[in-house]
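The structure under discussion appears below in the form of structure tokens.
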Amino acid sequence: MLRRKPTRLELKLDDTEEFESVKKELESRKKQRDDVDVVGVATSSDMVGASGVTDGKTREQMINERIGYKPHPKPNTLPSLFGNLQF
């Protein structure tokens, strides 16, 4: 395989100005989207709380049930570790 010399990259003033303008534009879009999300979350949580759909469960409990995760550890007793071994 042939080796070639590294390519030289030059950063110009125009490039940095363009980068800054694009960065500001993306930040403003993100801020607007976050503002809309915060308002949307507040209204949807108000609706859920008012209708009583939550059944007294926290968000974490609902997620754990959905994915099948049971955070309660099993006791470390011999039958639970090795099962019912009979000789």
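These numbers were taken from a predicted model, which means no experiment stands behind them. Heavy atoms only: backbone and side chains are in, while hydrogens, waters and symmetry mates are out.
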To the nearest 0.5 Å, what is the distance between NZ (K23) and OG1 (T16)? 12.0 Å
Would you tabulate the side-chain donor-acceptor contacts of residues 63-71 under 3.5 Å, counting partners in other chains and residues two or more places apart, or write 'none'?
| residue | atom | partner | partner atom | Å |
| --- | --- | --- | --- | --- |
| N64 | ND2 | E60 | O | 3.4 |
| E65 | OE1 | K57 | NZ | 3.1 |
| E65 | OE2 | K57 | NZ | 3.1 |

Look up atom CD in Q32 and atom CG in D35, then write down how far apart they are to the nearest 0.5 Å. 7.5 Å
Taking the basic N atoms (NZ, or NE/NH1/NH2) and the acidic carboxylate oxygens, is any pair closer than 4.0 Å for K24 and E20? no
Whether over 12 other heavy atoms sit under 6.0 Å from E18 CD: no
If you take all heavy atoms of T58 and Q61, which pair is closest and at what distance? N-OE1, 3.0 Å
Residues pairing under salt bridge (Lys or Arg N to Asp or Glu O under 4.0 Å) where one sits in residues 5-17, two or more places apart or in two chains, turn out to be none
